[in-house]
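Both ligands and their constituent atoms are indexed starting at 1 by order of listing.
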Amino acid sequence: MRAVLFRLIGVIALMLVSAGLVGWWFGPLPAAFVACAVALVVIGADTAAQLRVLAWLKWPRHDNIPTARGVWAEMLYRAARQLRLWETRVAHEEDKLKRFIEALQASPNGVILMDASDQIDWCNDTAAAHFGLDPKRDLRQHAVHLIRNPEFFAYMGSKRFDEPLLMRRNGSYGPLLLSVQIIPYGEGEKLLLSRDVTQVERTEAMRRDFVANVSHEIKTPLTVIAGFVESLRTLEFSTAERNHVLGLMQEQSDRMRHLVDDLLTLAHLEGDPHQPAEERMDMRQMVERLAADARALSAERHRIEASADAGGLCGARTELTSAFGNLVSNAVRYTPPGGEVRITWRVLHPDDGDPCAEFSVSDTGIGIAPEHIPRLTERFYRVDRGRSRESGGTGLGLAIVKHALLRHQSELRISSQPGLGSTFSVRFPLARLDLAKPVQATGASDAPQADRESISA
Ligand code: ADP
């Protein structure tokens, strides 16, 4: 303000002094001429400065501030300072917005921001994957036009968003179940959150199936036992009949005990995150013991063959014994009398890798059709439910085998031909082996070993 006043006083003083001096010497006409000339020069300089300032204000930047003097210099200095402040604030806000968007982008949930007319303002990659959107091309499109689903259409129309909507969609990797929730905010804007609950639903379905299966498995023997108890209370039995009934009751209670034992083993294998205590097991002794168990179970109805290379296996004894025992007992149970069961432990020397060892159980039994093989390790999956029950099966044996082997970094391989027999085998990596003799690569993957021992009855 003061600078403007001083400048005005200066200009007027200059006009008066120069016009006074000229008027003193040359008279009033030249004096008026000089006063006009001074005024014109001052106005011209001001106009030029105004034009430069106006031109700069159109696209204000720091690197092209025009030069000016006096009041104009002061104005430019203040405008440039405001510009710098404003730029700093904008950069700060942009940075905040960028981090906010990065956080939304990193969210495991799908996020869509919609304006008051339900057009998509922004969506993260997860939402794009959930709804098959293109995060750039589909902006400013109506959500209901892109998310073509009658339930979603009705949900948006209802304007009641207290509860999430469960929506099925075909994702790029198969069917998806999405939980979709709209959260209104601001002036009619909406936030859409989507969560993939496919796995949650699958787990819940598995839990329901499991409870139904366990209840069913326990209900059958319980019903039989309850029937016998009722009969014993109400009917007269001879001693022989009574003993027969008690024998049947014991069979059923053994079945329940077996089931509970298997359930506990499975729960332990699935739920215990700790690696079990490991020890070295002599595999010749192990195979010998398995063959003896098989003979006891077979009661001379089958030919049981066993052979084992020298060497030990490192692992949890109870878990591996239970896994191997399940495979052996299955082979006996699913092989008709007169058939053969072979238990083998052999060290292999593949051409293209480290030595490994394979435990396998082959039988000449009923075999398994190919469509059942991928599902055999599911809990309670049985090809022939009646046959499994008759032979004392719980439907949990191979699930136990699978989990026990997973804890030993190995997996079960099954090959089978209906009517001809099956082979269940498992390979253990070198790290788990304690080979009695130094290993030499022979090049032949399953060449007979000189020190393989046949274990006969
Ligand atoms: P189960 O107690 O019924 O034997 P498992 O989990 O041990 O349960 O086996 C699942 C199913 O796999 C069995 O019900 C049977 O149908 C099939 N199975 C397992 N082992 C054999 C085998 N050696 N030969 C033919 N079928 C087999």
Side-chain angles (χ1 to χ4, degrees), residues 206 209-210 212-221 251-270 287 290-291 293-298 301-306 319-344 358-407 411-426:
M206 275 168 63
D209 281 357
F210 181 69
N213 274 321
V214 171
S215 315
H216 180 74
E217 294 292 330
I218 288 183
K219 206 171 149 193
T220 316
E251 225 172 70
Q252 296 302 324
S253 68
D254 283 349
R255 200 171 133 190
M256 280 201 299
R257 193 162 42 80
H258 196 177
L259 177 70
V260 171
D261 284 349
D262 276 2
L263 282 171
L264 289 175
T265 308
L266 198 56
H268 165 74
L269 289 173
E270 283 182 334
V287 169
L290 290 168
D293 291 347
R295 284 184 193 108
L297 186 63
S298 157
R301 284 171 299 148
H302 310 90
R303 203 166 64 251
I304 312 289
E305 299 282 339
E319 293 184 7
L320 289 175
T321 309
S322 151
F324 296 159
N326 267 311
L327 296 180
V328 171
S329 95
N330 279 355
V332 174
R333 286 168 41 231
Y334 296 105
T335 300
E340 182 184 307
V341 172
R342 176 175 289 277
I343 309 164
T344 316
E358 185 180 78
F359 174 82
S360 68
V361 181
S362 308
D363 62 59
T364 55
I366 58 173
I368 308 155
E371 66 271 20
H372 295 294
I373 291 182
R375 300 196 57 191
L376 288 185
T377 54
E378 286 176 23
R379 295 179 290 192
F380 295 113
Y381 188 84
R382 290 181 270 213
V383 178
D384 179 345
R385 197 168 274 265
R387 185 172 189 137
S388 157
R389 286 228 186 91
E390 259 169 43
S391 61
T394 59
L396 295 173
L398 291 183
I400 290 175
V401 173
K402 175 182 151 180
H403 284 283
L405 295 181
L406 273 179
R407 284 158 69 91
E411 59 183 50
L412 186 64
R413 300 179 190 194
I414 306 170
S415 65
S416 184
Q417 270 189 297
L420 292 179
S422 319
T423 298
F424 289 73
S425 58
V426 47

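Below 30°, between 30° and 60°, or above 60°: for Phe359 and Phe324 the angle between ring planes is below 30°, a parallel geometry.
With respect to the salt-bridge test (charged N to carboxylate O, under 4.0 angstrom), the residues Lys219 and Glu217 do not qualify. Remark: Glu390 does not engage Arg385 in a salt bridge, criterion side-chain N to carboxylate O under 4.0 Å.
Among protein heavy atoms, atom 11 (C) of ligand 1 sits closest to Tyr381 O, 3.7 Å. For atom 12 (O) of ligand 1, the closest heavy atom belonging to the protein is Leu376 CD2, 3.4 Å. Closest protein heavy atom to atom 26 (N) of ligand 1: Ile368 CG1, 3.4 Å. Shortest contact from atom 8 (O) of ligand 1 to any protein heavy atom: Gly395 CA, 3.2 Å. Among protein heavy atoms, the minimum distance from atom 19 (C) of ligand 1 is reached at Asn330 ND2, 3.5 Å. Among all non-hydrogen protein atoms, the one lying nearest atom 6 (O) of ligand 1 is Leu398 N, 2.8 Å. The shortest contact between atom 4 (O) of ligand 1 and any protein heavy atom is with Tyr334 OH, 2.7 Å. Annotation: atom 3 (O) of ligand 1 to nearest protein heavy atom, Ser388 OG, 2.5 Å.
With values rounded to the nearest 0.5 angstrom, Asp262 atom CG is found 7.5 Å from Ser322 atom OG.
Between Ala399 and ligand 1, a contact under 3.5 Å exists for no N or O pair. By the 3.5 Å distance cut-off applied to N or O atoms, Gly393 is not counted among the residues near ligand 1.
A 4.5 Å side-chain heavy-atom check between Leu398 and Leu327 finds at least one atom pair inside the cut-off. Glu411 is not listed as a side-chain neighbour of Lys402, based on a closest heavy-atom distance of 4.5 Å or more. Under the 4.5 Å side-chain criterion, counting only non-hydrogen atoms from C-beta, Val383 is in contact with Leu376. In this structure the side chain of Ser416 never reaches within 4.5 angstrom of the side chain of Thr423, judged on heavy atoms. At a threshold of 4.5 Å between non-hydrogen side-chain atoms, the residues Ile218 and Met256 count as touching.
Only the side chain of Asp363 comes within contact range of ligand 1, with a heavy atom under 4.0 Å; no backbone atom does.
Interface atoms of ligand 1 facing Thr394, defined by a heavy-atom separation under 4.0 Å, are 2 (O). Per-residue contacts place Arg382 under 4.0 angstrom from the following atoms of ligand 1 (heavy atoms of the residue considered): 3 (O), 14 (O). Set against the non-hydrogen atoms of Val383, the atoms of ligand 1 under 4.0 Å away are 14 (O), 16 (O). Near Ser422, meaning under 4.0 Å from any of its heavy atoms, are these atoms of ligand 1: 24 (N). The atoms of ligand 1 that sit less than 4.0 Å from any heavy atom of Gly397 are 5 (P), 6 (O), 7 (O).
Side-chain N/O atoms of Ser360 and Ser425 include no donor and acceptor closer than 3.5 Å.
A heavy-atom separation below 4.0 Å is found between Arg333 and ligand 1. Residue contact annotation: Gly365 has no non-hydrogen atom under 4.0 Å from ligand 1. By the 4.0 Å heavy-atom criterion, Asn326 is excluded from the residues contacting ligand 1.
Here the side chain of Arg295 pairs a donor or acceptor atom with the backbone of Ile304 at under 3.5 angstrom.
The side chain to side chain contact (heavy atoms under 4.5 Å, CB included) test applied to Glu270 returns Leu266, Arg379, His403, not counting sequence neighbours.
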